[in-house]
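What follows is one structure encoded as structure tokens, with my remarks underneath.
Order of listing sets the numbers, starting from 1, for every ligand and every atom in it.
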Amino acid sequence: MATAARNVTRKLGTFPAFHRVGGRRVLIVGGGGEAAAKIRLLAETSAELVVFAPELEGEARRDLEAAGATLNARFPEAADLADAALVFAATGDLDQDRAVRDLAKAAGIPVNVVDRPDLCDFFTPALVNRAPLSIAISTEGAAPVLARHVRARIEAMFSPRLGDLADLAERLRARVAEKIGSGDARRRFWAHFFTGPTAAKVLAGQVEDGEGEGEAAAAIDRAAAQSGTIGHVSLVGAGPGAEDLLTLRALRLLQEADVIVYDKLVPEAIVAMGRRDALRIYVGKAKGAHAASQDEINAILVREAQDGRRVVRLKSGDPLIFGRAGEEMAALRAAGIPFDIVPGITAAVAAAAENEIPLTLRDVASTLVVATGHDMRGDTLPDWAGLALSGATVAVYMGRSVATKVAARLIENGLSASTPVAVIENASRADRRAYAGRLDELAEIADRPELDGPVVIIVGHVVAESALGVTPLPLVALAA
Ligand SMILES: C[S@@+](CC[C@H](N)C(=O)[O-])C[C@H]1O[C@@H](n2cnc3c(N)ncnc32)[C@H](O)[C@@H]1O
């Protein structure tokens, strides 16, 4: 398939620059929805907003009050523009907008005329605001909706606290310059700093006032004394498989990681969301064919962090549910490696959501048990079986191969053979499948030859209240 080459002959007709408006007057002329949008945008700056509008619609009035803008219930005159930084013409009437533009031109003040690129001295960007850091996106008026789409992607990439980090860096700048003499060493320090543990804590909102400076001061002193710093490990939940069920924090950490260590159940598409040049280490475990033992995985995490790298340990679902995070945390603690944990959407919750299974339901089930089928391998009935008998909803992970045993033991111990069950494979993925039936049909369902992906089994009366809606309970197969 041929790929169209990028249009390199088109050049920008605008030059992105950041206009100083703090404390200066910015005029907005108009009282409708367009003016309201400009008021909201300019309210993100510390400009002094002055609105000229003979009539003001409700939305614009609310935005004007929220922005603390000054209202003049009339059309502006030449004297009103004196010393203004920028002028926006947003009256909705072309003749009036042209008149505003003429006033601005006569005063030599840059003007933006809403929806009339041909009359504009400058365009307003889609803005990602992490003050003092900002990102402005423009298509030169060609495709404003595309600019907003790009903005949404960028918003998702960066922590809302990125501005706090820029603030902290500004406060530290003099100390860094004083303590770290060479330019190269300073660059290395900042590169480490913005991806290091103090930055991670700032971005996660985990530092109190002044604490960031304290931690950073120590890091500056260390950097002055030596060149390397220790890395950091994030145990990150990748969710059940669908890319858009990844959390924004997981996405951000992935894009900052130097190393991504991932399991079999994490889709390649999610791993690919990481930085292109990140080192990717597959440690997937398949039944009978271990790619890496837990000890080996622990050693990888410790080694990479000790080499000063930011490591993302990506696990399917939530890292704390049957994810062996406990062992990894213990290894990291023992090695003195800083780490954090990012929750993910666990398989049972995703499976329930897409099949409309209310995991708890008034008068039906008030307890949710997350269990593993591995508990069924022994001869004693695991604790959760008792909870199932008393009406709890039970989500059984890794239960497919022991489904026959699960059903038989529960029935032997008094759970009704007609208790509804659901068997959900590949929850949230394109190839998902769901089956519902009775507990005494569980073995038959779980044995179906087409099932070859990860499966979660849900046992409980709530299944009858779901989209799988099964009372009485015929065997139902729902394809994706
Ligand atoms: C080692 S556990 C990991 C669980 C994961 N930490 C979580 O919170 O979902 C693997 C088991 O999770 C379940 N599982 C994971 N992803 C699934 C999916 N997309 N659909 C159904 N079950 C899934 C299956 O029972 C699978 O055998």
Side-chain angles (χ1 to χ4, degrees), residues 234-247 250 261-271 282-294 297 312-329 341-357 359 368-377 382 384 393-406 421-436 442 445-448 450-459 463 466 468 477-480:
S234 295
L235 305 181
V236 176
E243 289 151 57
D244 57 354
L245 287 180
L246 196 69
T247 65
V261 181
Y262 66 106
D263 283 335
K264 177 165 184 271
L265 285 181
V266 178
E268 282 296 333
I270 289 184
V271 180
Y282 175 72
V283 291
K285 286 174 275 188
K287 263 189 204 149
H290 285 202
S293 71
Q294 190 58 51
I297 295 172
V312 162
R313 167 72 173 112
L314 202 52
K315 292 162 177 291
S316 79
D318 182 276
L320 302 179
I321 296 184
F322 305 127
R324 305 196 69 173
E327 285 118 296
E328 292 172 11
M329 286 191 282
I341 299 165
V342 179
I345 295 179
T346 190
V349 169
E354 69 194 11
N355 293 292
E356 300 170 21
I357 303 173
L359 291 170
L368 170 65
V369 178
V370 177
T372 162
H374 290 321
D375 289 352
M376 274 289 175
R377 295 199 198 291
W384 60 260
T393 304
V394 182
V396 187
Y397 289 60
M398 297 166 281
R400 188 179 167 221
S401 60
V402 288
T404 309
K405 204 165 173 184
V406 169
V421 297
V423 175
I424 297 141
E425 183 200 25
N426 292 325
S428 89
R429 301 173 189 224
D431 52 356
R432 62 185 175 263
R433 265 190 286 249
Y435 301 88
L442 179 59
I445 305 174
D447 233 20
R448 297 177 78 90
E450 70 271 26
L451 289 178
D452 59 3
V455 160
V456 66
I457 299 170
I458 299 180
V459 180
V463 172
S466 72
L468 301 170
L478 297 185

Worksheet item: Is there any N or O on T346 that sits under 3.5 Å from an N or O of ligand 1?
Response: yes
Item to complete: Go through ligand 1 atom by atom and flag the ones less than 4.0 Å from a non-hydrogen atom of I424.
Response: 21 (C)
Worksheet item: Does A427 reach ligand 1 with a nitrogen or oxygen that is under 3.5 Å from one of the ligand's nitrogen or oxygen atoms?
Response: yes
Discussion item. How far is atom 13 (C) of ligand 1 from the closest protein heavy atom, and which atom is that?
Written reply: Y397 CD2, 3.7 Å
Practice prompt. From the options R400, R433, R432, R448, select the one residue that forms a side chain to side chain donor-acceptor pair (under 3.5 Å) with E425.
Written response: R433
Worksheet item: Knowing that exactly one of D263, V342, I270 qualifies, which makes a side chain to side chain contact (heavy atoms under 4.5 Å, CB included) with L314?
Response: I270
Worksheet entry | Protein contact to atom 1 (C) of ligand 1 [nearest heavy atom, distance to 0.1 Å] | F322 O, 3.2 Å
Fill in: L451 side chain near V423 side chain, heavy-atom distance below 4.5 Å
yes
Fill in: S316 N/O to ligand 1 N/O under 3.5 Å
yes
Item to complete: Apply side chain to side chain contact (heavy atoms under 4.5 Å, CB included) to the pair L246 and V236, showing each step before the final yes or no.
Response: CA-CA 10 Å; L246 196 69; V236 176; 5.6 Å; no
Discussion item. With heavy-atom distances below 4.0 Å as the criterion, list the atoms of ligand 1 near D318.
Written reply: 6 (N), 7 (C), 8 (O)
Discussion item. I'd like to know whether ligand 1 has S428 as a neighbour, heavy-atom separation below 4.0 Å.
Written reply: no
Worksheet item: Just checking, any donor-acceptor pair under 3.5 angstrom between side chains of E268 and Y262?
Response: yes
Practice prompt. Kindly identify the option in A238, A347, G323 whose heavy atom sits closest to atom 15 (C) of ligand 1.
Written response: A347
Worksheet item: Which protein heavy atom lies closest to atom 21 (C) of ligand 1, and at what distance to 0.1 Å?
Response: P454 O, 3.3 Å
Worksheet item: Should the proximity of R429 to ligand 1, defined as any heavy atom under 4.0 Å, be assigned to the side chain, the backbone, both, or neither?
Response: side chain
Discussion item. Would you compute the distance between atom CG of L235 and atom CG of L320 and round it to the nearest 0.5 angstrom?
Written reply: 8.0 Å
Response to the item:
among protein heavy atoms, the one nearest atom 24 (C) of ligand 1 is V455 O, 3.3 Å
Fill in: N355 to A434 - nearest heavy-atom pair and separation
OD1-CB, 3.5 Å
Worksheet entry | ligand 1 N/O within reach of P240 N/O, cut-off under 3.5 Å | yes
Item to complete: Can you see which heavy atom on G241 is nearest to which on P267, and at what distance?
Response: O-CG, 3.3 Å
Worksheet item: Looking only at protein heavy atoms, which one is nearest to atom 4 (C) of ligand 1, and how far off is it?
Response: I321 O, 3.5 Å
Fill in: Location of contacts on L265 toward ligand 1, heavy atoms closer than 4.0 Å
side chain
Fill in: Side-chain donor/acceptor of T247 to backbone N/O of A250, under 3.5 Å
yes
Worksheet entry | M398, any N or O under 3.5 Å of ligand 1 N or O | yes
Worksheet item: Which pair of heavy atoms, one from V456 and one from A347, lies closest together, and at what distance?
Response: CG1-O, 4.4 Å
Worksheet item: What distance separates R313 CZ from M329 CE, expressed to the nearest 0.5 Å?
Response: 12.5 Å
Worksheet entry | Atoms in ligand 1 with a heavy atom of N426 nearer than 4.0 Å | 19 (N), 20 (N), 21 (C)
